[in-house]
Structures are given as structure tokens and as C-alpha cells.
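We count ligands from 1, going down the list as the structure has it; atoms in each ligand are counted the same way.
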Amino acid sequence: MKILSVVGVRPNIIKFVAWSRAIAKFQQQYAIEHIIVHSGQHYDDAMFHHLWKTFELPDIQYRLNVGSGSHAWQVGMMMIELEKVLMVENPDWVVAIDDVNTALATGITAKKMNFKLAHIEAGLRSFDKSMPEEHNRILVDHVSDLLFVPDQQSFDKLLAEGIDIKNIKLTGNFMADTLWQSISKAGHCDIHDTISKYALSTNEIKLTNYALFTLHRPSNIQEEHTLKKIIQFLINDWGGKTDYIIWPVHPGVLKKLKETKLFEALLKASGHIILLQPVNYFEMLQLTSHASFVLTDSGGLQEETSILGIPCVTMRENTERPITLKENGGTNVLVGNDINKMDQSCKQAMNCVGVKNNIPYWEGNAAERGLISLFAMK
Ligand code: UD1
């Protein structure tokens with residue numbers, strides 16, 4: 001059987017690790033040929049290639065080299081390039097991963113060409129149609145033949161949307177698989193070494209406690225006044241919380257910070273903000289595990305913090321991952337970009353001992369369950 005998987009961005013790789021390892025485990029038994037395609041949505045070493053090497057993943061056979069651009073252009077270019085690959089390879093299954101533009105291009109192209117399509121991380125919904133990821137998820141789910149869902153809530157959402165129960169497989173979370181496979185290696189990373197290796201600023205640091213901060217959503221960075229408000233909160237209103245903020249900065253956000261002169265303001269801040277280049281997965285896992293709390297707008301970090309029992313304050317109005325919310329047993333609270341709420345929730349997070357959310361099916365075998373169900377559908 002020939003399986004063709006398409007990866008595009010950094011978080012895809014985390015889920016792909018689990019998928020690729022499950023395929024390797026069953027490769028002989030099921031005579032699998034695995035073709036790997038990289039769309040080129042993320043192309044920087046720090047955003048993609050370094051992580052690929054870190055996990056010692058198999059060679060990529062096709063690089064579409066699409067790069068950055070408007071969403072329509074990016075998705076269109078990926079479709080044009082992927083169509084050529086699918087014509088040559090003629091796979092039994094095409095696999096799309098999560099909710100990024102690469103997944104949308106993969107899903108639509110595969111279906112236009114009548115290939116069977118499996119979707120890793122299906123069934124997530126934020127019900128916020130202003131998010132590009134929400135369109136992507138809905139569209140990919142509705143053209144998929146096999147939908148791997150991480151939890152019961154996502155399963156129920158797909159049923160409610162009319163997707164046939166026989167096409168939905170409650171596998172669990174592929175990202176959790178990779179986390180459990182990586183946690184002991186992450187434990188060997190020295191946080192001080194990570195800081196000196198990736199530092200964008202040259203502060204004198206005696207690391208005591210810190211909050212881990214990440215930011216990249218359009219809703220927080222596109223409007224200059226929103227971005228400014230968040231940065232001012234970090235610079236001026238952090239008192240009474242952790243001694244340090246550690247922030248691995250997304251390259252797109254760094255560009256924006258430089259254009260708006262906020263980068264200079266951050267460098268001039270009192271020394272409590274540690275700016276880093278994007279760090280590798282193991283270092284990030286170690287930084288997350290030892291943070292007093294995490295302040296973020298990332299999807300993956302909401303899940304990782306709930307798995308690890310680290311409090312998480314999410315700068316979004318909604319989440320497609322409600323299973324991570326405190327009221328559902330996780331460690332996550334939503335604050336949007338309301339500074340008062342952010343301030344209060346960060347203070348509460350500091351004084352709160354997180355509880356690990358033992359979510360069913362997140363114990364580390366999601367990818368294997370997915371692969372076996374794919375064979376059952378043959
Ligand atoms: C994308 C996903 C988002 C995911 C995130 C993970 C979509 C719609 N968005 O957002 O869901 O959470 O990846 O990081 O698919 N850039 C670089 N180097 C790179 C890649 C991007 O400098 O290797 C810069 C470019 O200026 C680019 C900008 O970052 O225009 C945004 O990149 P893009 O892939 O469009 O979106 P992300 O914000 O990374």
C-alpha cells in the first residue's frame with residue numbers, strides 16, 4: 001500500500017513524527033510505501049528543517065517550495081504543485097495533517113483527483129469563521145474518507161455535522177504520542193544553554209522563575225494597536241508575576257515587531273523579557289515543563305500544558321480544543337486580548353498548581369490506532 005503524507009509547517013511535524021514512526025513499525029507487515037511531500041509553507045531552518053533533522057525523520061521525496069504569500073495564492077500554488085506529484089505517485093491514501101493551509105490544499109487536491117483522503121486531527125472546531133484554520137478544518141473534514149479525531153467531543157461534533165460514523169476513528173492525539181516519546185530526552189536539555197544558544201537579546205540572567213510566552217495568531221499581531229497593547233502589558237504591567245518571561249519569537253512576528261519599532265522597546269525593557277529565536281522541540285518541551293505558567297495563542301501549547309499539568313492562559317476568545325479548558329479538567333483559560341483578564345489570569349495561574357488532564361486516548365498510541373483503522377478500511 002502506498003501512503004502519501006503532506007507536511008507544511010512546524011506543528012505538522014510534531015504530529016507527523018508519531019505517524020511516521022507508526023508507519024515504520026508496520027511497514028513490513030503491511031508492505032507500506034510511504035511518500036513524504038513538503039509543501040514549503042514553512043521553509044526557514046528554525047521553523048522546519050532543523051526540527052525535521054532533530055527527529056531524524058525519513059527523507060522528503062517531493063519539495064513543492066511554495067513559500068509565503070496570500071492565503072489564496074499559497075493554497076492555489078500548493079494545489080498546482082501537489083497535483084503533479086499525485087499524478088506521478090498514484091497513492092492508495094493521501095494524508096492531510098491538522099488545519100493549516102497545506103492541509104487544505106492537500107485535502108482539496110486529493111479529492112479533486114479522487115484519491116482516498118485521511119485527516120489527522122479532525123473534528124476540531126472553534127466556531128470562529130474569522131480564523132483561517134477554521135475554514136481549513138471544516139473543508140478538509142468534509143472531503144475526508146477517514147477522520148482521525150483526538151477526543152470524544154470532536155467525534156460528536158463530526159457526527160452532528162452529518163459525517164458518517166464509519167468514517168470517523170477516535171484515535172486520540174498524535175501530538176500526545178510524540179510528547180510521550182520525547183519527554184525523557186527533553187529532560188536532558190539545560191534551560192540556560194537553550195537561552196544562550198537562541199538569545200536575541202543580551203540580558204544578564206539569573207533564571208529563577210519564568211512564564212513561557214508565544215504569539216503568532218493574526219488576531220493578535222495583524223492590528224498594530226492590539227500587538228502594541230500586548231507588548232506593553234509584557235513590558236509595563238508584568239510586576240507581581242514571574243521574574244522572567246521567555247519568548248521564542250516566530251519569524252513572521254519578529255518582522256512585524258521590527259517594522260513597528262516594538263522590538264527596540266522590548267530590548268530596552270527592564271531585562272525581564274528574554275527573547276529567543278524559535279527553539280527546537282525538545283528544548284520547547286523542557287521550557288514548557290518548567291514554566292510557572294504559559295501565556296500563548298498557540299493551539300498545540302494548550303494541549304501540551306494540559307498533558308503536563310502546567311497552567312495555560314490563552315490569548316484567544318475561543319478554542320477548538322475545549323478539552324483543555326479548566327472546566328473540562330484541563331489547565332487552560334481563555335482571555336482573548338483583554339489586558340485586565342490577561343493580568344488577573346496570569347496572577348491566578350502563578351498561584352495555581354496545575355493538574356494533569358488524563359484525557360482518554362492521549363496515552364501515546366493514537367497514530368498506531370489511526371494506521372490500523374486505515375488498513376481496516378482498505
Ligand atoms: C501557520 C498556520 C497556523 C499555525 C502556524 C504554526 C495557516 C493559515 N496558519 O501560521 O495555523 O499555527 O503556521 O507556526 O496555515 N515565515 C517565515 N519563515 C517561515 C515561515 C513563515 O519567516 O519558514 C513568515 C513569513 O513572513 C510568512 C509569515 O511568517 O508570511 C506567516 O507564515 P504562514 O505560514 O503564512 O503562517 P503562520 O503564522 O506561520
Quiz item: Any side-chain heavy atom of L308 within less than 4.5 Å of one from L285?
Solution: yes
Quiz item: Should Q74 and M78 be marked as a side chain to side chain contact (heavy atoms under 4.5 Å, CB included) after you check the CA-CA gap, both sets of side-chain angles, and the distance that decides it?
Solution: CA-CA 6 Å; Q74 191 178 51; M78 288 177 195; 3.4 Å; yes
Exercise. Could you work out the complete set of other residues in the hydrophobic cluster of Y43, with links drawn between I, L, V, M, F, W and Y side chains under 4.5 Å apart?
Key: none
Quiz item: Going by the salt bridge (Lys or Arg N to Asp or Glu O under 4.0 Å) test, which pairs reach into residues 241-267, not counting sequence neighbours?
Solution: K241-D343
Practice problem: Specify the closest pair of heavy atoms between L82 and T106, including all atoms of both residues, with the distance to one decimal. | Solution: CD2-CA, 3.6 Å
Exercise. Anything with a heavy atom under 4.0 Å from ligand 1 counts, so go ahead and list those protein residues by chain and number.
Key: P11, Q41, H42, Y43, D44, M47, S68, H71, V100, N101, P132, E133, H216, R217, H250, P251, G252, K255
Practice problem: State which residues pass side-chain hydrogen bond (donor to acceptor under 3.5 Å, both in side chains) with Q181; sequence neighbours excluded, sorted by chain then number. | Solution: R21
